[in-house]
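First up is the structure itself, then whatever we jot down about it.
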Amino acid sequence: MSIAVKQKQRLATLIKDAIEHIIRDDQLQVADIPEIHLETPREKSHGDFASNVALVLAKPAKKSPRQVAELIVEYLTDQEFIEKVDVAGPGFINFFISNQWLYDVLLTIEKEGLNYGASNYGKGEQVLLEFVSANPVGPMNVVNARAAAIGDTLARLLRAVGYNASTEYYVNDAGVQTEVFGRSLDARYRQLTDEEYPFPEDGYPGVYVSELAQKLQREGMDLSSMSDAERVEYCRTWGIDEMVAMQRADLVAFDVEFDRWFREQDLHSTGALEAVIETLTNSGYMYNEEGALWFRSTAFGDDKDRVIIKTDRTYTYVTADIAYHYDKLKRGFTRLIDLLGPDHHGYIGRMKAAVQALGYPKDALEVLILQYVALLRNGQQVKMSKRAGEFITLRDLIDEVGKDAARYFFLMRSLDSHLDFDLTLAAEQSSENPVFYIQYAHARICSILAQASEQNVQVVCVSEAPLSVLNKEVEIDLMKKLAELPEEISAAALYREPHRIARYALDLAGIFHSFYTHCHILGEEGNIRIARLALVSCVRLVLQRVLSLLGIVAPERM
RNA sequence: GCGCCUGUAGCUCAGCGGAUAGAGCAUCGGACUUCUAAUCCGAGUGCCGCAGGUUCGAUUCCUGCCAGGCGCGCCA
């Protein structure tokens with residue numbers, strides 16, 4: 001349990017004891033005591049922690065909130081660590097407590113190091129996080145890039161709170177689009193020797209297909225002796241393997257590595273679709289109508305039933321997706337998280353229905369919807385046309401603004417937010433760019449610590465440092481911020497809100513920069529210097545911790 | 001028509017049941033003989049889309065409406 005949470009519990013217990021005592025003395029008539037909730041007020045004059053119990057208790061007690069608050073304060077047993085208790089505003093009880101807990105935070109950070117803030121909420125539960133899963137017939141776009149950053153950091157967060165999280169990329173290598181892709185590649189290949197050769201009307205227009213054709217000419221098999229069908233099939237499989245390899249390489253450059261790349265084709269070749277259809281049929285959720293086989297997803301709240309086998313006896317894409325999710329569940333994952341684009345929200349109902357029809361609980365599947373990204377350059381929206389094959393890819397983004405800035409910009413907003421990504425700002429290496437602001441804080445600390453060691457300044461471990469000299473306002477602010485991290489990590493992981501960590505990093509860097517200006521370290525002597533060195537080394541560890549959760553480099557020099 | 005997301009400072013967005021609604025950018029004015037000025041300090045700005053409801057208390061929860069984005073196939 002984090003130090004901050006411990007303080008809250010300590011105070012909550014005191015309050016509860018006081019209320020019980022008040023009831024025993026018949027000063028207050030209430031049926032039961034509400035849950036005592038302690039919060040950290042944003043306003044410093046409201047103390048270190050505050051409680052609203054009196055406001056909640058006022059009505060059942062038929063007294064004014066302030067009267068209740070006064071009564072509680074009166075009954076609080078004296079504690080050494082409590083310096084002052086106020087009743088303020090409409091009836092809040094504000095606690096001012098001694099700084100010892102903040103020094104304990106520093107000790108904890110030193111002890112836990114880069115694991116600071118970890119917990120065991122997940123208790124090792126097996127979670128499978130699926131994200132990106134872009135079609136292997138084209139480069140990844142900016143929504144895929146956003147999904148990559150969010151999904152990857154979410155996985156890191158889930159691991160930090162004790163889940164056994166795996167990541168997976170589903171490769172749609174079996175659909176009709178892959179056949180179109182095969183024909184497109186074949187046509188471009190033929191055009192290398194025959195300029196007149198026609199390009200399919202429904203073909204993929206992007207230049208990457210032509211580039212792939214040139215690579216095929218250099219490295220692939222000789223296609224001249226093949227039949228038309230053989231050529232297209234070869235182009236399809238060879239081309240998709242190439243595309244997948246490219247996607248994987250781009251994601252690696254983005255510091256996103258998947259535990260597994262799952263091929264849809266494997267479901268088809270192992271008979272997984274037939275198997276899942278049989279399972280659903282045996283459970284009574286399938287019926288024939290108008291020459292097609294339907295899944296009664298409305299039995300679980302979906303808008304309409306879904307076709308599983310079309311009249312032409314082929315499967316719909318939903319069929320493979322159901323088989324895929326069944327496969328995930330059978331592998332022992334008790335919670336599946338899918339991170340999808342906004343155009344897939346209609347898909348939630350049918351997949352949740354499928355999971356239930358297969359005998360698993362409804363919330364075994366959790367679908368997170370990511371909203372769109374608009375790219376801005378010099379204040380103008382960047383126009384993209386998928387038809388013309390003109391759009392900014394993940395690779396372009398990394399080349400233009402760098403991996404760290406790109407990840408930060410995707411992670412700084414909530415999933416629900418329609419993100420405006422300002423390329424000009426992200427590429428800027430200046431104070432306006434939040435990424436550099438955070439990294440600069442880290443570099444500054446490294447510089448101080450390096451100079452301390454050059455100058456043979458005594459650096460002791462936190463447990464031996466005279467921490468009680470850390471009592472200036474900005475020092476307290478800094479330690480309080482450090483104390484918040486464990487709760488921030490839990491909230492970010494459990495509510496699937498990675499942007500909390502991006503914001504936390506920015507806040508922490510801001511307080512550090514202010515501290516840096518107001519409090520010198522190497523220029524000071526004795527206890528102050530020793531204690532501040534201990535403090536900044538803790539700040540450095542925490543910055544490293546949050547940057548690594550965000551997948552952003554913590555540079556030693558800038 | 002139905003569904004999802006959004007509407008908060010000039011701009012981009014936090015906050016999502018509590019006390020005087022915040023941050024960055026933009027604007028203006030200060031601070032480098034001392035650990036990196038990629039920094040700091042100060043200044044001001046808000047019918048929290050509109051209207052009801054729940055509550056001791058609503059930007060936060062509920063309902064309706066308005067506006068914007070995106071979906072709604074025996075496509076994937």
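Just so we're clear, the structure is a prediction, and the values are computed from it rather than from any experiment. Lettering follows sequence order; numbering is per chain, from 1.
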Do you know the tightest heavy-atom contact between [X] and [Y]?
X	Y	result
Y204(A)	V209(A)	O-CG2, 3.7 Å
A69(A)	I93(A)	CB-CG1, 4.0 Å
A357(A)	Y285(A)	CB-CD1, 3.7 Å
V180(A)	G203(A)	CG1-CA, 4.1 Å
E497(A)	R500(A)	OE1-NE, 2.7 Å

Where along [range] does a heavy atom fall under 4.0 Å from RNA chain B?
range	answer
residues 292-311 of chain A	A292(A), W294(A), K304(A), V307(A), K310(A), T311(A)
residues 479-486 of chain A	none
residues 445-454 of chain A	S447(A), I448(A), Q451(A)

For [Y], is there an ion pair with [X] - N to carboxylate O distance below 4.0 angstrom?
X	Y	value
K480(A)	D48(A)	yes
R377(A)	E400(A)	yes
E366(A)	R496(A)	yes
K328(A)	D338(A)	yes
K481(A)	D477(A)	no
K84(A)	D86(A)	yes
R183(A)	E201(A)	no

On a whole-Å scale, what distance lies between the [atom1] atoms belonging to [N] and [M]?
N	M	atom1	answer
A26(B)	C40(B)	P	13 Å
C35(B)	G44(B)	P	33 Å
U6(B)	G29(B)	C1'	37 Å
U12(B)	G73(B)	P	33 Å
G15(B)	A21(B)	C1'	8 Å
U60(B)	G22(B)	C1'	14 Å
U39(B)	G24(B)	C1'	15 Å
G17(B)	C61(B)	C1'	8 Å

Checking all strands, does [X] fall into the base, sugar-phosphate, or nothing category for heavy-atom contacts under 4.0 angstrom?
X	answer
A443(A)	base
I369(A)	nothing
G346(A)	nothing
D343(A)	sugar-phosphate
E290(A)	base
V318(A)	nothing

In terms of side-chain heavy atoms of [X], which of [options] is nearest?
X	options	value
V176(A)	C35(B), A76(B), C40(B)	A76(B)
Y372(A)	C70(B), U55(B), U36(B)	C70(B)
Y516(A)	C35(B), C40(B), G18(B)	C35(B)
N172(A)	A76(B), A19(B), C41(B)	A76(B)

Side chain Y317(A) and base A76(B) donor-acceptor under 3.5 Å: yes

Consider only side-chain N and O atoms of [X] and [Y], and report whether a donor and an acceptor are under 3.5 Å apart.
X	Y	value
D312(A)	T314(A)	yes
T178(A)	D173(A)	no
Y169(A)	Q247(A)	yes
Y324(A)	E168(A)	yes
S269(A)	Q265(A)	no

Sugar-phosphate atoms are those with a prime plus P, OP1 and OP2; base atoms are the rest. Using that split, label each nucleotide of nucleotides 8-16 of chain B B, S or - for protein heavy atoms under 4.0 Å, 5' to 3'. ----BSSS-

Ring centres within less than 5.5 Å and planes less than 30° apart: is that true of Y437(A) and A38(B) in this structure? no

Tell me the interatomic distance from [X], atom [atom1], to [N], atom [atom2], rounded to whole angstroms.
X	N	atom1	atom2	result
H46(A)	A21(B)	NE2	C1'	14 Å
F92(A)	G57(B)	CZ	P	14 Å
H344(A)	G3(B)	NE2	P	21 Å
Q371(A)	U6(B)	CD	P	7 Å
R557(A)	C35(B)	CZ	P	16 Å
F49(A)	G18(B)	CZ	P	17 Å
H520(A)	C32(B)	NE2	P	12 Å
I322(A)	C74(B)	CD1	P	13 Å

Under 4.0 Å between a side-chain N/O of T316(A) and OP1 or OP2 of C75(B), yes or no?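 For T316(A), the contact criterion (side-chain N or O under 4.0 Å from OP1 or OP2 of C75(B)) is not met.
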
Identify whether the glycosidic angle of C4(B) places it syn (within 90° of 0) or anti.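 With its glycosidic angle more than 90° from zero, C4(B) counts as anti.
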
Check: V171(A) and E264(A) side chains under 4.5 Å, non-hydrogen atoms: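 The answer is no; the side chains never approach within 4.5 Å.
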
Starting at the 5' end of RNA chain B and moving along, which residue's nearest nucleotide shows up first, G510(A) or Y315(A)?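 The answer here is G510(A).
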
Of G291(A) and H345(A), the one whose closest RNA chain B nucleotide lies more 5':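 Nearest-nucleotide comparison on RNA chain B picks H345(A).
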
Which ranges of RNA chain B pair up as stems, where a stem means three or more consecutive Watson-Crick or G-U pairs with both distances under 3.5 Å? B:1-7 with B:66-72, B:10-13 with B:22-25, B:27-31 with B:39-43, B:49-53 with B:61-65

Using the side chain to side chain donor-acceptor pair (under 3.5 Å) rule, collect all pairs that involve residues 525-542 of chain A, keeping only residues at least two apart or in two chains.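 Residue pairs with at least one partner in residues 525-542 of chain A: E475(A)-R532(A).
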
Quick one: does NZ or CZ of R444(A) land under 6.0 Å from the six-membered ring centre of F512(A), within 45 degrees of the ring axis? no

